[in-house]
Amino acid sequence: MISADHSCLTLFNCCRSLTSVKQIHAHLSKIGLDVDPLIAGKLILQCCTAISASLALTYAHRFFGCLKAPNTFMYNTLIRGYSESQSPGCSFELFNQLNRNSGCSGSPPRPDSFSFAFVLKAAANMSSFRAGSQLHCQAFLHGLDAHLFVGTTLISMYAECGRGNSARRVFDEMPQPNVVAWNAMLTACFRCSDLEDARALFERMPFKNSASFNVQISGFMKAGKVESARSVFNSLGLKDDVTWNTMIVGFAQNSYFDEALMYFRDMLHMGIRPTEVSLIGVLSACADAGMLVSTKILHGFVEKSWFLENISVRNALLDAYSKCGDVGMARSVFDHMTVDRNVISWTCMISGLAMYGRVNEAIQLFYEMEESGVQPDRITFISILYACSHAGLIEQGHSYFSKMKDVYGLDPGIEHYGCMVDLYGRAGKLAEAYKFVSQMPIEPTDTIWRTLLGACSIHGNVHLAQRAREKLMVLDPNNSSDRVLLSNIYAVIGQWKDVAAIRNSMSTERMKKDPGWSMIEVDKLAYKFTAGRNYSGFTQEAYEKLGEIMSRLKEGGGYVPEVKSVLHDIEDEEKEGSVALHSEKLAVAFGLKRLHKSKTIHVMKNLRICKDCHEFMKIVSQLYDVDIVVRDRSRFHSFKDGSCSCKDYW
DNA sequence: TTAGGGTTAG
């Protein structure tokens with residue numbers, strides 16, 4: 001072999017794609033240098049860390065397999081690569097291989113503290129207590145369980161598996177835990193929902209750093225204790241970027257959308273450089289709140305910033321546009337991506353199109369994704385199955401469901417089974433839906449039965465609805481919407497005694513349903529409307545306009561209120577009057593009054609739109625020559641020239 | 001040339 005010239009190692013540092021790694025590899029292979037341990041190690045490292053896409057991992061693994069004597073470093077790098085990939089199980093296989101070798105004669109590679117740290121991370125990512133505790137035993141046998149880094153990873157692994165006591169035992173046995181180990185234990189307390197333990201541990205900490213406070217803030221935010229998080233934040237003198245990000249993300253997670261935006265602005269004013277996490281956090285707030293104007297402002301910021309080519313920020317932006325009702329802008333962000341799209345980019349776009357009923361485009365995109373070499377994952381399949389179910393494409397949905405396992409080796413999860421029940425149920429194939437549920441290899445959850453109940457409600461199947469309801473009474477007895485749904489089914493077929501019985505049981509048990517509300521953004525301000533009569537402030541304006549619209553609609557639009565909808569929608573609205581007072585109608589009336597005529601009216605509703613409102617929107621869009629986009633609990637309805645993008649299938 | 005704790009979108 002030619003003596004190795006290690007100066008070529010630096011060549012790999014510039015590789016950001018598998019293609020460039022392959023080019024250098026081909027060159028080195030010609031001169032026999034690629035098997036040099038240092039060079040081979042660097043090649044594997046580059047594939048697993050700098051690129052880390054599944055194709056790069058496979059390439060590195062295949063190359064590794066051709067080496068005569070891979071060393072521990074190479075094993076560790078691959079174990080690390082797989083631990084954060086879609087197939088963390090491969091980390092275990094490699095680790096076991098390394099562990100078996102170590103018993104052989106000669107000086108075979110043996111697992112070291114790095115190997116344990118990486119493979120434990122795989123167990124944590126899979127939340128596999130069984131694998132994690134077996135690895136703990138192995139670490140003990142190798143005399144590495146007391147190693148500070150291994151011990152800290154063990155604490156995190158147990159926390160991730162929800163085993164606070166095991167984490168505590170590892171921590172208590174550490175001879176000299178440092179601040180990182182204390183922080184890991186603090187995180188474990190919060191992860192296992194032990195707020196009191198977390199508070200006590202925090203008081204006992206002999207040393208604290210910025211991460212300790214950030215763990216506390218994040219722990220409180222995840223537990224919904226926004227004010228506790230805020231008071232920790234306010235007590236801090238020095239706040240780093242992670243502290244600010246933790247607040248922004250925490251606010252977004254707790255639906256404090258305006259505050260997420262406010263803290264992002266404050267962060268900029270304080271001269272703290274936002275990171276991709278700040279942008280993802282604030283954009284997710286915009287997405288959830290449906291704040292289109294703010295999304296556009298943030299888009300402008302991104303275009304002028306160092307995030308221009310950041311794939312995660314681009315994905316968050318595209319998702320925000322699609323959830324704010326501007327799927328055209330989402331598509332434009334997607335089409336103009338200058339960096340390689342990843343599985344999340346494709347999935348967001350597919351799901352965005354599906355939510356709009358643009359199902360053919362979603363299916364086309366799925367095909368293009370496969371062609372581009374990006375592998376769909378579990379969430380991509382949820383999106384494409386959702387697309388099929390919302391368009392009544394039973395055959396196609398079924399073929400995607402099979403493809404998941406047959407082509408991509410992905411076992412369908414409960415969400416995929418849910419999509420299939422919805423696919424059959426929505427299309428009125430209730431017998432098939434029930435048969436599918438009965439034959440599921442995993443235990444049907446309350447959501448599955450609720451999906452079936454929803455389908456029975458659309459298609460008026462009382463017999464099956466009762467069966468679904470019986471299951472729900474066991475799995476989730478206190479769910480008010482299930483009872484309302486069943487009472488609606490009875491109401492439609494005129495079984496008033498049963499309706500009354502359900503209503504009485506609900507009032508005896510003091511059950512309250514979710515009140516319906518709709519929101520509209522006008523001049524950067526959000527206005528929220530609830531159903532029922534409430535004549536104050538801006539609502540008065542909405543009522544007046546709605547009255548005017550109603551008269552015009554009845555005169556010239558051929559609008560007849562859909563009385564049945566009252567029954568169908570009882571679950572979704574505080575019913576105080578009639579369908580005329582539904583919150584989405586008020587929001588649209590307000591939009592017509594306040595917004596410029598050329599603008600699209602965007603309304604967001606927390607529940608599903610009812611049939612009557614759907615009809616109302618169609619006629620208004622035509623009579624007033626205005627585009628209306630309504631985002632409801634499950635999808636978008638885009639009304640234009642008297643028809644809706646959902647083609648009335650919803 | 002590889003680690004452990006804090007924030008990350010579908």
Side-chain angles (χ1 to χ4, degrees), chain A residues 6 9-10 12-13 37-46 48-49 71-81 83 112-121 124 147-157 159 174 177-188 190 208-219 221-222 240-250 252-253 274-288 310-320 322-323 342-352 355 376-380 382-383:
Chain A
H6 293 144
L9 282 173
T10 52
F12 285 111
N13 292 340
L38 268 182
I39 293 172
K42 181 74 179 177
L43 191 152
I44 296 170
L45 180 67
Q46 202 65 21
C48 294
T49 58
N71 57 27
T72 303
F73 172 78
M74 297 170 189
Y75 271 103
N76 291 348
T77 310
L78 267 180
I79 293 171
R80 177 192 177 190
S83 75
D112 58 13
S113 59
F114 289 90
S115 328
F116 278 102
F118 295 143
V119 75
L120 280 167
K121 189 99 180 194
H147 187 281
L148 192 55
F149 280 52
V150 176
T152 310
T153 321
L154 278 167
I155 293 172
S156 306
M157 178 277 296
M174 279 183 151
N178 63 2
V179 67
V180 180
W182 276 94
N183 288 344
M185 192 57 232
L186 187 62
T187 306
F190 278 115
K208 292 167 188 149
N209 60 8
S210 163
S212 323
F213 291 96
N214 295 337
V215 170
Q216 243 203 340
I217 296 176
S218 148
M221 283 294 198
K222 288 201 174 109
D240 63 14
D241 56 346
V242 179
T243 317
W244 284 94
N245 292 347
T246 311
M247 289 302 285
I248 294 169
V249 169
Q253 286 164 344
T275 68
E276 68 170 34
V277 181
S278 335
L279 261 300
I280 290 169
V282 72
L283 281 166
S284 77
C286 292
D288 288 342
N310 182 305
I311 185 71
S312 306
V313 171
R314 290 264 140 200
N315 290 345
L317 194 57
L318 122 64
D319 190 47
S322 101
K323 286 188 178 150
N342 61 19
V343 62
I344 297 176
S345 331
W346 289 95
T347 306
C348 284
M349 198 63 245
I350 290 170
S351 132
M355 281 194 296
D377 67 11
R378 318 178 65 81
I379 304 176
T380 322
I382 294 175
S383 307

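Lettering follows sequence order; numbering is per chain, from 1. Only a predicted model underlies this, so the values are computations on that prediction, with no experimental measurement involved.
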Which residues satisfy the salt bridge (charged side-chain N to carboxylate O under 4.0 Å, His left out) test with A/Lys121, sequence neighbours excluded? none
Contact list for residues 147-157 of chain A, test salt bridge (charged side-chain N to carboxylate O under 4.0 Å, His left out), sequence neighbours left out: none
Categorize A/Phe116 for me: base, sugar-phosphate, or nothing, with a 4.0 angstrom heavy-atom threshold over every strand shown. nothing
So A/Ser115, base contact, sugar-phosphate only, or nothing? Heavy-atom distance under 4.0 Å. nothing
Applying a 4.0 Å non-hydrogen cut-off, can you work out what A/Lys323 is touching in the nucleic acid: base, sugar-phosphate, or nothing? sugar-phosphate
Tell me what A/Asn315 touches on the nucleic acid: a base, only sugar-phosphate, or nothing, going by heavy atoms under 4.0 Å. base
Sequence-distant partners of A/Arg80, salt bridge (charged side-chain N to carboxylate O under 4.0 Å, His left out), two or more places apart: none
Categorize A/Ser351 for me: base, sugar-phosphate, or nothing, with a 4.0 angstrom heavy-atom threshold over every strand shown. nothing
DNA chain B: 5'-most and 3'-most nucleotides touching chain A, 4.0 angstrom heavy-atom criterion: B/dT1 to B/dG10
Please classify the nucleic acid contact of A/Ser156 as base, sugar-phosphate, or nothing, using heavy-atom distances under 4.0 Å. sugar-phosphate
Sugar-phosphate only, base, or nothing, as touched by A/Leu148 at under 4.0 Å among non-hydrogen atoms: base
Applying side chain to side chain contact (heavy atoms under 4.5 Å, CB included), can you list everything that pairs with A/Ala316, at least two apart in sequence or on another chain? A/Ile280, A/Leu283
Does A/Val150 reach a base, just sugar-phosphate, or nothing at all? Heavy atoms under 4.0 Å. nothing
What is the ring orientation for A/Phe114 with A/Phe118, classed by angle as parallel under 30°, tilted 30 to 60°, or perpendicular over 60°? tilted
Scan A/Thr380 against the nucleic acid and name what it touches under 4.0 Å (heavy atoms): base, sugar-phosphate only, or nothing. base
Regarding A/Asp241, tell me which of base, sugar-phosphate or nothing describes its non-hydrogen contacts under 4.0 Å with the strands shown. nothing
Residues that A/Asn71 engages under side chain to side chain contact (heavy atoms under 4.5 Å, CB included), provided they are two or more places apart: A/Pro37, A/Phe73, A/Met74
Heavy atoms only, 4.0 Å cut-off, all strands: where does A/Val215 land among base, sugar-phosphate and nothing? sugar-phosphate
If you measure only the distance, is there a donor-acceptor pair under 3.5 Å linking the side chains of A/Ser345 and A/Asn342? yes
Under 4.0 Å, heavy atoms only, any strand: does A/Thr77 hit a base, just the sugar-phosphate, or nothing? nothing
